[in-house]
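Notes follow once the structure below has been shown.
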Protein chains: 2
Amino acid sequence: MASVNDRYGHAAPEPLYAAIKKYVLDGIARGDRRPGDRIESEAELIKKFGVSRMTAHRALRELQNSGVLTRLPGVGTFVADPSAKGHIIEIRNIADEIRARGHQHASLVVKNVAEKANRKTAPLLGVAVGTPIFHSMIVHSEAGVPIQLEERFVLGSAAPGYDEVDFTRTTPNEFLTRAAPLERVDHIVRAVMPSTDAMELLKIKADEPCLLLIRQTWSQSRLVSYARLTHPSSRYEFEDSFTV
Amino acid sequence: MASVNDRYGHAAPEPLYAAIKKYVLDGIARGDRRPGDRIESEAELIKKFGVSRMTAHRALRELQNSGVLTRLPGVGTFVADPSAKGHIIEIRNIADEIRARGHQHASLVVKNVAEKANRKTAPLLGVAVGTPIFHSMIVHSEAGVPIQLEERFVLGSAAPGYDEVDFTRTTPNEFLTRAAPLERVDHIVRAVMPSTDAMELLKIKADEPCLLLIRQTWSQSRLVSYARLTHPSSRYEFEDSFTV
DNA sequence: AGATGCCAACTGTCTATACATGTCAATATA
DNA sequence: TATATTGACATGTATAGACAGTTGGCATCT
């Protein structure tokens with residue numbers, strides 16, 4: 001029987017189970033398949049993709065394990081109800097968030113340059129040293145009080161012209177979602193003491209703890225942006241509420 | 001070839017891949033296998049358990065996907081370096097979370113009493129001063145290291161017998177979800193410096209920042225529980241990942 | 001009409017086998 | 001000596017076939 005690579009010659013192959021997962025996820029993302037909707041059965045996917053049952057099964061099983069699908073023996077496979085999926089951190093623009101509270105948002109652009117990834121920054125984006133990247137640093141203020149220091153590294157090839165954007169008028173977040181449609185987001189939340197930069201730019205004391213949100217965003221299977229968002233604890237906290 | 005159930009007659013069968021996963025996790029939990037240690041190769045597991053390669057492979061692959069193992073083609077399978085990472089979205093029992101990482105969970109019950117709400121505690125649960133409540137304080141440890149101080153106030157009428165539960169064997173979370181089915185959850189995340197209690201019980205220095213997660217849970221339209229979960233920043237962080 | 005039994009559809013698990021790829025060390029070659 | 005080559009070992013993916021358990025509807029018998 002033909003192996004995966006026979007189908008694609010020498011090109012880097014995408015595993016078949018991954019292709020099926022993507023197919024299903026795309027349908028959901030497009031709004032074509034809605035919560036509760038039925039997904040093709042394994043038998044139907046076998047026909048449609050010409051794969052074996054184990055392969056179709058693996059794709060659906062992994063989507064089930066990650067909470068995207070619900071499966072019922074004897075019945076079928078369905079798009080899961082996303083009710084329990086309240087994400088504590090929405091990908092919202094800090095500017096919108098501040099304006100939603102009825103306050104004035106202001107940005108101070110400390111730095112916005114094109115540079116080459118060095119030994120420190122290359123691992124953050126998972127690229128080789130020397131790869132062109134953008135590096136920006138912006139202080140966001142709410143009603144005149146600094147509440148977020150945003151330091152960001154962006155993959156050069158993913159967002160051409162990043163270093164020429166006026167970030168007092170728009171935010172990196174906004175620019176990036178247009179340049180590179182969001183595919184996946186990873187978050188890490190930590191409590192940290194402020195760096196020297198953070199202390200000065202956020203105008204806080206050395207003994208004030210900060211909430212650090214590290215946000216990695218992916219687009220087209222590439223890690224496109226790495227951002228460190230530092231918030232003084234006295235001025236900012238995360239909130240989340242959801243019903244089951 | 002014999003099916004799973006032939007092996008066990010009519011008893012509820014545990015899938016073979018699950019048995020292998022448990023075997024590996026047990027080894028890690030016992031401290032027998034430590035981070036970086038090598039795990040049996042698929043070939044070895046095949047011999048040891050008498051399963052096919054696909055079954056052994058599935059067990060190891062799922063443990064890899066959940067972050068317990070690291071695998072390298074041509075080299076082998078190893079116990080992953082575990083950093084304590086909490087998935088904030090899930091209302092998950094800290095004990096389960098720790099065990100899922102393949103570590104031992106231990107609870108130290110500092111306090112668990114029935115008392116009456118006072119001026120300080122009454123507002124937390126939104127009740128009148130004098131209302132009967134429970135008040136517990138538990139230190140959760142992962143592999144012997146304290147990673148969470150859980151201080152909790154529970155509405156007396158919602159969870160009778162709370163003060164008599166042995167919280168070294170179960171967690172308040174677990175007990176509460178049975179006593180009062182979850183309806184809504186509110187979260188607040190802050191960075192704070194440790195309280196005197198937290199310093200002593202978590203065995204940290206005064207200058208180590210902590211992640212504070214405040215969790216309010218509602219059941220049948222009543223605020224049933226108010227918990228302050230304090231985590232040393234050096235030992236715990238929240239993690240969240242999702243695809244759009 | 002109602003109870004019963006049967007069957008098709010569907011998911012869950014497992015085996016045996018195959019080929020592909022990555023890593024490393026030993027061996028052969030220039 | 002330095003550099004290729006080879007082969008053992010390990011994981012990654014995929015196939016084809018098998019049996020088990022669950023569910024729901026349809027046909028049949030009472």
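On a predicted model such as this, the values are computed, not experimentally measured, just so you know. Throughout, protein chains are lettered first and strands after them, A, B, ... in sequence-line order, and every chain is numbered starting at 1.
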Starting from C1' on D/dA10, measure out to CG on B/Leu45 and report it in whole angstrom. 13 Å
Non-neighbouring partners of B/Ser233 that pass side-chain hydrogen bond (donor to acceptor under 3.5 Å, both in side chains), sequence neighbours left out: none
What integer distance in Å separates B/Lys21:NZ from C/dC14:P? 12 Å
Which whole-number value in Å describes the distance from B/Met54 CE to C/dC19 P? 16 Å
Does A/Arg53 make a cation-pi contact with A/Tyr17, if we ask for NZ or CZ under 6.0 Å from the ring centre and within 45° of the axis? no
Does OP1 or OP2 of D/dT13 have a side-chain N or O of A/Thr55 closer than 4.0 Å? no
Expected string for nucleotides 4-11 of chain C under the B/S/- scheme (protein heavy atoms, under 4.0 Å, primed atoms plus P, OP1, OP2 as sugar-phosphate) is -----BBB
About how many Å separate CG of B/Leu213 and CD of B/Glu150, when rounded to the nearest 0.5 Å? 10.5 Å
Taking 4.0 Å as the cut-off, does a side-chain nitrogen or oxygen of B/Arg58 come that near to OP1 or OP2 on C/dT13? yes
Without decimals, in angstroms, what is the distance between A/Leu69 CG and C/dG12 P? 11 Å
Parallel, tilted or perpendicular: which describes the rings of B/Phe167 and B/Phe175, with under 30° parallel and over 60° perpendicular? perpendicular
On the ring face of A/Tyr23, is A/Arg33 found with NZ or CZ under 6.0 Å from the centre and within 45° of the axis? yes
Per the 3.5 Å Watson-Crick/G-U criterion and a run length of at least three, the stems involving DNA chain C are C:1-30 with D:1-30
With respect to the phosphate group of D/dT13, does any side-chain polar atom (N or O) of A/Tyr17 fall under 4.0 Å of OP1 or OP2? yes
Does A/Ser66 reach the main-chain N or O of A/Glu62 with its side chain, forming a donor-acceptor pair under 3.5 Å? yes
